[in-house]
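Accompanying notes for the structure given below.
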Amino acid sequence: MPESSPKRVWSWACFDFANSAFGTLVLTFVFNTYFVKVIAPSETEGTTLWGNTVAIASVVIALLSPMLGAAADAFGWKKRFLVVSTAIACVAIAALYFPVKGDVGWGLLLFGLALVATELSIVFSNAFLPEIAPREKHGKVSGQAFALGYAGGLLCLFIALAGFLSETADPWFGLSKEGGQNVRTTNVLVAVWFAVFSIPILLWVKERKAPQHPDGFFKVARQSFGRLADTFRHIREYRQLFWMLVARLFYNDGLVAIFSFGGIYATVVFGFTFQDLMVFGIALNVCSGVGSLVFSFVEDKIGSRVTIVISLIGLVLPTTAALFLTTKAGFWACAVVIGIFLGPNQSASRAYLSRLTPEDKANEFFGFFAFSGKATAFLGPLLYGQLVGIFDSQRAGMAVIPALMILGMVIFIVKTHPIKPSDVAG
């Protein structure tokens, strides 16, 4: 039974509050749009390059997550991996201040590094969930952490809008709007936010005593690869986990594409300004936070599996409708529905995995969780970017999102069943 306390739980949840600023401002609403509209030669080429970069980063994350997860399990390294990946992420995000018009390669390199480091830090944060709360509370704890995360993204958006992106007021600290300095400074805001609110998990969520590893790094690396290979050989013994991870290969691709291109789609198709995007992002985060909070109380009663299915239906319908809508009002309505179900889908997926994960393989299985989210995550962004390039249409790219979600939902419904006591790993 994990040692649980409110302080440990909220310190762990605070990491979602910290890292959500990256997903909200850099990946979804501000820097991605700035890159496509300002740094890149054209919106079409910028969208394709952005999609390719997200795809490459996803492959790197997919390759590193299981290996590093296996090493963390075997040698008690998840806290140090969390520190290193968070530090790299913060430095890379802050450095996104420097790319300006024409600095395409520099901007994409820094963004790719920031994305990889952030996602790896989330792998090691997630792996603490089985240690801080009993299984029967994983749904509630995970959901409340996601709700706190959306609150973090929301608050950071408010600060960015008030301090740097207002169309009527001057930016704070004497910054200029020339050369997009005010927009680029939001990356520094995100980096500071990420660093400051990561402190609680580093101080107050202690890792279990690390095993001794006197044989040196290279032997540790070889052993971690062996541990990883062993998990690959035996993972099909965990039938529920296996098929959940397979389904997530596809439906999570749709989520990755939403996060990567939502702001771009709103800007190019519906003419959103940066201030429009901020208001849009605030509304989306409010809806996502409310959805996560509501389902955090419902999920433990109806089950993670039912929550995943409901959330996927709630995502497929509005993303399909968004392909055909021509008005801002219609797009706003779809976005509100998407926001409500984004958080519950992510939270329920994390809770579903944690309930079925053997405690001695927590990092390793959460590494596979990240792997299942990234192994094909290049597919959604890559197809989106390529279809936009081929047809010169954002709507053509958007069609990829509901298609991937439907495929993942069908696999999940057909191949999994409600969790029974006999399914729960010891």
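Numbers here simply count residues along the sequence, with the first being 1.
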Is there side-chain contact between Cys287 and Phe341, with at least one heavy-atom pair below 4.5 Å? no

Scanning both residues in full, the closest heavy-atom pair of Cys334 with Ala322 reads SG-N, 4.1 Å

Check: With no hydrogens and no angle check, is any side-chain donor or acceptor of Ser11 less than 3.5 Å from a backbone partner on Ile201?
Finding: no

**Asked** What is the ring orientation for Phe331 with Phe280, classed by angle as parallel under 30°, tilted 30 to 60°, or perpendicular over 60°?
**Response** parallel

Checklist entry - Heavy atoms, side chains only, cut-off 4.5 Å: are Cys156 and Leu25 in contact? => result yes

Q: Walk me through it: do Leu315 and Met409 pass the test side chain to side chain contact (heavy atoms under 4.5 Å, CB included)?
A: CA-CA 11 Å; Leu315 291 168; Met409 181 170 63; over 6 Å; no

Margin query: Are the side chains of Phe164 and Phe173 in contact, using a 4.5 Å heavy-atom criterion?
Written below: yes

query: With under 30° as parallel and over 60° as perpendicular, where do the rings of Phe17 and Trp193 fit, or are they tilted in between?
result: parallel

Given the options Leu108, Val26, Ile264, Phe35 meets side-chain contact (heavy atoms from CB on, under 4.5 Å) only with Leu108

Closest non-hydrogen contact found for Ser349 with Tyr251 is OG-OH, 2.7 Å

Enclosure of Trp106 CH2 (heavy-atom neighbours >12, cutoff 6.0 Å)
no

Fill in: Chi angles and distances behind the ring pair (Phe, Tyr, Trp, His ring centres under 6.0 Å) call for Tyr352, Phe412
CA-CA 12 Å; Tyr352 188 90; Phe412 187 76; 5.7 Å; yes

>> Is it the case that the ring center of Phe194 lies less than 6.0 angstrom away from the ring center of Phe22?
In response: no

Check: Is Thr118 close to Ile122 at the side-chain level, that is, under 4.5 Å between some pair of heavy atoms?
Finding: yes

Would you confirm whether Asp276, through its side chain, and Thr273, through its main-chain N or O, come within 3.5 Å as a donor-acceptor pair? yes

Requested in this report: Assess whether side chain to side chain contact (heavy atoms under 4.5 Å, CB included) is satisfied between Ile401 and Asp253, documenting all intermediate values.
Outcome: CA-CA 8 Å; Ile401 294 176; Asp253 278 9; over 6 Å; no

For this session: Flag the pair Phe15 / Ile199 as yes when at least one side-chain heavy-atom distance between them is below 4.5 Å, and no otherwise.
Result: no

message = Keeping Lys79 on the side-chain end and Val205 on the backbone end, is there a donor-acceptor pair under 3.5 Å?
response = yes

Donor-acceptor check, side chain of Asp16 to backbone of Leu148, threshold 3.5 angstrom: yes or no? no

Look only at the side chain of Arg184 and the backbone of Gly179, and say whether a donor-acceptor pair between them is shorter than 3.5 Å. yes

message = Under a 3.5 Å distance rule, please check whether Ser125 uses its side chain to pair with a backbone N or O of Ser121 as donor and acceptor.
response = no

**Q.** Ring centres under 6.0 angstrom apart (Tyr384, Tyr265)
**A.** no

Does the distance from a Lys or Arg side-chain N to an Asp or Glu carboxylate O, for Asp170 and Lys177, drop under 4.0 Å? no

Sub-4.5 Å side-chain heavy-atom contact between Val54 and Phe111
yes

Minimal heavy-atom distance between Val337 and Pro318, with the atoms involved, is CG1-CG, 3.8 Å

Close side-chain approach of Pro200 to Trp10, heavy-atom, < 4.5 Å:
no

Side chains of Leu277 and Thr267: closer than 4.5 Å at any heavy-atom pair? yes

Review point. Do any N or O atoms from the side chain of Thr186 and from the backbone of Val183 form a donor-acceptor pair under 3.5 angstrom?
Key: yes

Query raised in the report: Got a donor-acceptor contact below 3.5 angstrom from the Gln181 side chain to the Ser176 backbone?
Result: yes

Please tabulate, for the side chains in residues 82-90, all donor-acceptor contacts under 3.5 angstrom to protein atoms that are two or more places apart in sequence or on a different chain.
unit_1	atom_1	unit_2	atom_2	d
Ser85	OG	Phe81	O	2.8
Ser85	OG	Leu82	O	3.2
Thr86	OG1	Leu82	O	2.7

**Request:** Decide side chain to side chain contact (heavy atoms under 4.5 Å, CB included) for Val246 and Lys415; before the verdict, give the C-alpha distance in whole Å, the side-chain angles of both, and the deciding distance to 0.1 Å.
**Result:** CA-CA 10 Å; Val246 171; Lys415 290 294 187 179; over 6 Å; no

Closest non-hydrogen contact found for Thr319 with Met398 is O-CG, 4.4 Å

Here the pair of heavy atoms bringing Ser20 nearest to Gly153 is OG-N, 3.2 Å

(request) Report yes or no: is the cationic atom of Lys78 (NZ for Lys, CZ for Arg) under 6.0 Å from the centre of the six-membered ring of Phe128, at an angle within 45° of the ring normal? (result) yes

side-chain contact (heavy atoms from CB on, under 4.5 Å) filter on Val196, not counting sequence neighbours, yields Val192

| message | For the backbone of Leu161 and the side chain of Ser166, can you confirm whether one donor and one acceptor N or O come within less than 3.5 Å of each other? | response | no

Heavy-atom donor-acceptor pair, Thr307 side chain to Ala348 backbone, under 3.5 Å: no

By side-chain hydrogen bond (donor to acceptor under 3.5 Å, both in side chains), Thr320 pairs with (sequence neighbours left out) none

